[in-house]
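I have placed the structure first, in the form of structure tokens, so that the comments after it can refer back to it.
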Amino acid sequence: MTKLSVNINKFATLRNSRGGNNPDVVKAAIDAERFGADGVTVHPRPDERHIRYEDVRNIKKIVTTEFNIEGNCSEQKFVDLVLEVKPHQVTLVPDALGQLTSDHGWDTIKHKDYLTDIIKVFKNAGIRVSIFVDPDIKMVEGAAATGTDRIELYTEGYATAFLENKEKAIAPYVAAAEKAKALGIGLNAGHDLDLNNLQYFSKHIPWLDEVSIGHALVCDALYMGYENTVQLYKRQLM
Ligand code: PXP
């Protein structure tokens, strides 16, 4: 079954808006697991505008499911943090400095040598590696050539197109997912997945290993409660 990893960055955004420690991001991670999530994701950025490096260290101490750290590996600070904390998985994202949110996957052909080298660094430390890619067959083939364990399909395009035409929206993702399966690499997905579009995605790509969901899940939790919301998302994946 596809795992649900809850991205708790938005709890940190809320906390940072007032100083202090409310809401407590460590509690947000503990509760995600208590409510049924299969993993916890954080995305520390160099400016620490949401999850801070110290949060990542504290969350690692309490996670009992799967811990996924995503971020920009061109920052040495990020690489050092991941190697220190040793999560189950690192997801490499080609973010620019100060970027609002991730908005594109890797060019796995242009950056093949760089990716191959950095992936080795994490794999040698016993950390599973996933790299963020657009649903493009060439990029999936390029990813397989880097030695990555998994890819994470960038699903913003799916979420936007889903509102107009579901079949058209899912088609490139199924093709990319089939290619990944044929090449023997694992498959994650994330960005803009929500209670409207998640089940359709999951039904069409049942071999999906994991989704990581933050923004919509935290927004839904404000209205429906955190426990109820985590369980609703889990049910979309059954
Ligand atoms: N995957 C990656 C690589 C991301 O950068 C993000 C956003 O931090 C997500 C998944 C989750 O996206 P969303 O917050 O829209 O659920």
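Start at 1 and go down the list; that is how both ligands and their atoms are numbered. Being a predicted model, the structure only gives us computed values, none of them experimental.
- Counting only heavy atoms of the protein, atom 14 (O) of ligand 1 lies nearest to His215 N, 2.9 Å.
- Expressed to the nearest 0.5 Å, how far OG1 of Thr91 lies from CZ of Phe132 amounts to 9.0 Å.
- A donor-acceptor pair under 3.5 Å is absent between the side-chain atoms of Trp207 and the main chain of Leu187, judged by distance alone.
- Between His204 and Tyr200, the angle of the ring planes lies from 30° to 60°, which puts this pair in the tilted group.
- For ligand 1, one of its N or O atoms has an N or O atom of Gly214 under 3.5 Å away.
- Taking every non-hydrogen atom of Asn7 and a distance limit under 4.0 Å, the qualifying atoms of ligand 1 come out as 8 (O).
- At least one heavy atom of Val93 sits closer than 4.0 Å to an atom of ligand 1.
- Using a 30° and 60° split on the angle between ring planes, Trp106 and His111 fall in the perpendicular class, above 60°.
- Residue, atom and distance of the protein heavy atom nearest to atom 4 (C) of ligand 1 are Glu70 OE2, 3.0 Å.
- In this structure, Asn9 does not count as a contact residue of ligand 1, since none of its heavy atoms falls inside 4.0 Å of the ligand.
- Of all protein heavy atoms, the one closest to atom 5 (O) of ligand 1 is Ser102 OG, 2.6 Å.
- Counting the atoms of ligand 1 from 1 in the order shown, those under 4.0 Å from a heavy atom of His43 are 5 (O), 8 (O).
- Side chain to side chain, Glu210 and Thr2 fail the donor-acceptor criterion of an N or O pair below 3.5 Å.
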>> Glu66 vs Arg128, test: salt bridge (Lys or Arg N to Asp or Glu O under 4.0 Å). Steps then yes/no.
In response: CA-CA 11 Å; Glu66 282 223 348; Arg128 187 175 72 225; 2.8 Å; yes
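- Distance from atom 12 (O) of ligand 1 to its nearest protein heavy atom, with residue and atom name: His191 CA, 3.3 Å.
- Using modelled atom types and a 3.5 Å distance limit, the side chains of Gln89 and Asn68 yield a donor-acceptor pair.
- With hydrogens left out, the protein atom closest to atom 1 (N) of ligand 1 is Glu152 OE2, 2.6 Å, a heavy atom.
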>> Could you walk me through whether Arg45 and Glu75 satisfy the salt bridge (Lys or Arg N to Asp or Glu O under 4.0 Å) test, starting with their C-alpha distance in whole Å, then the side-chain angles of each, then the deciding distance to 0.1 Å, before giving a yes or no?
In response: CA-CA 9 Å; Arg45 287 195 160 83; Glu75 290 289 319; over 6 Å; no
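- The shell of residues lying under 4.0 angstrom from ligand 1, judged by heavy atoms, includes Asp192.
- Below 4.0 Å from some heavy atom of Ser212 lie the following atoms of ligand 1, by number and element: 1 (N), 10 (C), 11 (C).
- Closest heavy-atom contact between Ser130 and Ile151: OG-C, 3.4 Å.
- Ligand 1 places these atoms under 4.0 Å from at least one heavy atom of Ile213: 16 (O).
- Using a 4.0 Å cut-off between heavy atoms, Lys10 makes no contact with ligand 1 at all.
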